> 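Mind having a look at this structure? Questions to follow.
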There are 2 protein chains.
Amino acid sequence: MNSYDISLGGKLECSEAMCKSRLCQLVTGGSPDKRHKVLQRGDRLSLGDGACRKVWIILYGMAAICFGLADGRRQILGLETSGHIMCGMNNGGQNGSWIEALTETVLCEMDLASLGSPAYPGGPCRDGQRLVSELFSVIHQRLEACSAHLVTLGRLDSTERVTLFLADMANRLGRPVGQSTYLELPMTREDIADYLGLNTETISRIFSRLKKNRLVQFPSRSAITIPDLKALERRLPVDIPDFSSTSHVSSFLTAVSAPSFSRDGAHS
Amino acid sequence: MNSYDISLGGKLECSEAMCKSRLCQLVTGGSPDKRHKVLQRGDRLSLGDGACRKVWIILYGMAAICFGLADGRRQILGLETSGHIMCGMNNGGQNGSWIEALTETVLCEMDLASLGSPAYPGGPCRDGQRLVSELFSVIHQRLEACSAHLVTLGRLDSTERVTLFLADMANRLGRPVGQSTYLELPMTREDIADYLGLNTETISRIFSRLKKNRLVQFPSRSAITIPDLKALERRLPVDIPDFSSTSHVSSFLTAVSAPSFSRDGAHS
DNA sequence: CGGATTATTGAGCCAATTCAACATCGGTGG
DNA sequence: CCACCGATGTTGAATTGGCTCAATAATCCG
């Protein structure tokens, strides 16, 4: 029935693996439904309706959160993959603010205004709190990513930015091939430039320089091989964000949500 | 007893006016207590303990959220005033990440790990959800500010950045004097530079140029008069964030928190 | 008043941009 | 199959915006 069931080989139950935060499960009760949206590469979803009324969790694929200035300049605020959240913006209405799919992307859309309704499983109080805890955690992650990116744009030079970008993408999308790391970037040089606050030619020049220094190879236009990822990372004055771990999130969840769970029964 | 009761003339009950989000009230039950911290100008509070375990709401004053790179470079992530939130960071541990008071500042510290305890008024379920809703809202505001700043650093040139900064500060701190707007900046040129991803000399040069063009006046080192704030804002390709309104927050609160309030009685 | 800190201004330099030419890739139709 | 075309990527030359370094000025504070 759903087109993505076919194109992705039925991988899209709202499993824990797909939706790490389990927010999607909380909202849908564990089964995929109309809240799931499929975007094809290039498809856009507006964010700037004047308030944060909806959030979207990425279940599959990769999408860019974009912001457009009045004169056409564009800044990509984040490059988001499975488990990441994106939410509505209050500003950015007139100049535009949107999500843009870089690959085929499946989202779970959540309307905040309806989250309080009795339609959600487990009762309005108990799961409501859990829901909003999860929402907090995942948005806190987004804030951390945004803060880290702010430092990148404010204080790293172009070579450092590109190096950090490659290391970050390698950690997110790469797979080991012997000693090397192989990845495919589902975006153009212009997308990379708009993410890093640079321009296309600069990206190209730095890629060429890194290639000449044998830090990266480009088997094709979109494919990248990094012979020694650790060596690349050592050139940076910042830590690479770790996307594999969500332990810091659960620590807060345990703190706020779980105790209230256990006492919930005693309370009512 | 508390030094700030004296120095600020007893203005510091945890009133709605001081803590717009009312998070502080939810946590403290409405009365100021040990959770309140007073920082003097220059005082620091570490943020990078490896996880988000605490959040701080500013009740009074102005503070900078800072991030330090291994080589000494510094980026100010945000300049926060009353009602704004700041929270722990997972990354930034080794390189440093901290809050720095720019004026005398009063904070309400909230330990996330203890928010679930029965010590909080109203019961663990009902107010727990409200608490976490408020927390979500205020952190969403922080994310919006961070996103807007990302665009500033990524796509605005130095003149635009400084102009935006002045307009933003004027909206936050300024008071009208006839047609003009008067404000005092509680920070050095270096702080401004670290906020805008520029250096001290550049800030100084742009201030001088704006002065020559009669867009601003500098009655003293820290005081600024803007003859026509609207004219200044018209030079920008972005909207000035509106800090006076919190309506977008309450819309979400109403959506998630209030319905569960009303059904809470029926449920238990 | 004196010393330290902070701010301003100038000269020269370098990194990143702009503009332009050319190369490569992917897709389409003859 | 290959020729063609548009889109994307690369490279070079010239320009410029912002930085570094350095000297001077203003301000703060004991």
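What you see is a predicted model, and the numbers here were worked out from it, not measured in a lab. Letters A, B, ... mirror the listed sequences (proteins, then strands); counts begin at 1.
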> Do nucleotides 24-30 of chain D as a string where each nucleotide becomes B, S or -: B if the base has a protein heavy atom under 4.0 Å, S if just the sugar-phosphate does, - if no protein is that close.
--BS---
> Can you tell me the distance, in whole Å, between the CG atom of B/L102 and the C1' atom of C/dT6?
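Going from CG in B/L102 over to C1' in C/dT6 covers 16 Å.
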> Hey, can you pull the donor-acceptor pairs under 3.5 Å for the side chains in residues 226-234 of chain B, sequence neighbours left out?
unit_1	atom_1	unit_2	atom_2	d
B/D228	OD1	B/K230	N	3.3
B/D228	OD1	B/A231	N	3.1
B/E233	OE2	B/N171	ND2	3.0

> Specify the separation, in whole Å, of atom CZ of A/R161 and atom P of C/dA16.
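One finds 7 Å between P of C/dA16 and CZ of A/R161, rounded.
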> Please report the distance, rounded to the nearest Å, between CG in B/L196 and C1' in D/dG18.
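My rounded result for the distance is 13 Å.
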> Let me know the distance between CG of A/L185 and C1' of D/dT8, rounded to the nearest Å.
15 Å
> When rounded to the nearest 0.5 angstrom, what distance separates NZ in B/K54 from CG in B/L107?
11.5 Å
> Could you check how far CG of A/N199 sits from P of D/dG17, rounded to whole Å?
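So the CG-P distance, A/N199 to D/dG17, works out to 14 Å.
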> Near DNA chain D, counting only heavy atoms under 4.0 Å, which residues of residues 186-194 of chain B show up?
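Contacts with DNA chain D under 4.0 Å: none.
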> Could you state the atom-to-atom distance from CZ of B/F218 to C1' of C/dT6 in whole Å?
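Going from CZ in B/F218 over to C1' in C/dT6 covers 15 Å.
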> Give, for atom SG of B/C66 and atom CH2 of B/W98, the distance between the pair rounded to the nearest 0.5 Å.
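That separation rounds to 5.5 Å.
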> Do B/I65 and B/L47 make a side-chain contact, defined as non-hydrogen atoms from C-beta onward lying under 4.5 Å apart?
yes
> Within the structure provided, determine whether A/I224 and A/Q217 are in side-chain contact (heavy-atom separation under 4.5 Å).
no
> Does anything in residues 200-213 of chain A reach DNA chain C, meaning a heavy atom under 4.0 Å, and if so which residues?
A/E201, A/T202, A/R205
> What integer distance in Å separates B/R155:CZ from C/dA16:P?
13 Å
> Sequence neighbours excluded and cut-off under 3.5 Å, please list the side-chain donor-acceptor pairs for residues 207-214 of chain B, or say none.
unit_1	atom_1	unit_2	atom_2	d
B/S208	OG	B/S204	O	3.0
B/R209	NH1	B/T159	OG1	3.4

> Donor-acceptor pairs are to be reported for all side-chain atoms of residues 190-197 of chain A against protein atoms at under 3.5 Å, with residues two or more places apart or in another chain.
unit_1	atom_1	unit_2	atom_2	d
A/D191	OD1	A/R74	NH2	2.7
A/D191	OD2	A/T188	N	3.2
A/D191	OD2	A/T188	OG1	3.3
A/D194	OD1	B/R155	NH2	2.9
A/D194	OD2	A/R74	NE	2.6
A/D194	OD2	A/R74	NH2	2.9

> Hey, are the side chains of B/R41 and B/L102 touching, using non-hydrogen atoms and a 4.5 Å cut-off?
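B/R41 reaches B/L102 side chain to side chain.
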> Between B/I76 and B/L79, does a side chain to side chain contact (heavy atoms under 4.5 Å, CB included) hold up when you go through it step by step?
CA-CA 8 Å; B/I76 291 181; B/L79 295 171; 3.9 Å; yes
> Do the side chains of B/R172 and B/D168 get close enough for a salt bridge, i.e. N-O under 4.0 angstrom?
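Salt bridge present between B/R172 and B/D168.
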> Is A/E160 salt-bridged to B/R73, cutoff N-O under 4.0 Å?
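The answer is yes: the pair qualifies as a salt bridge.
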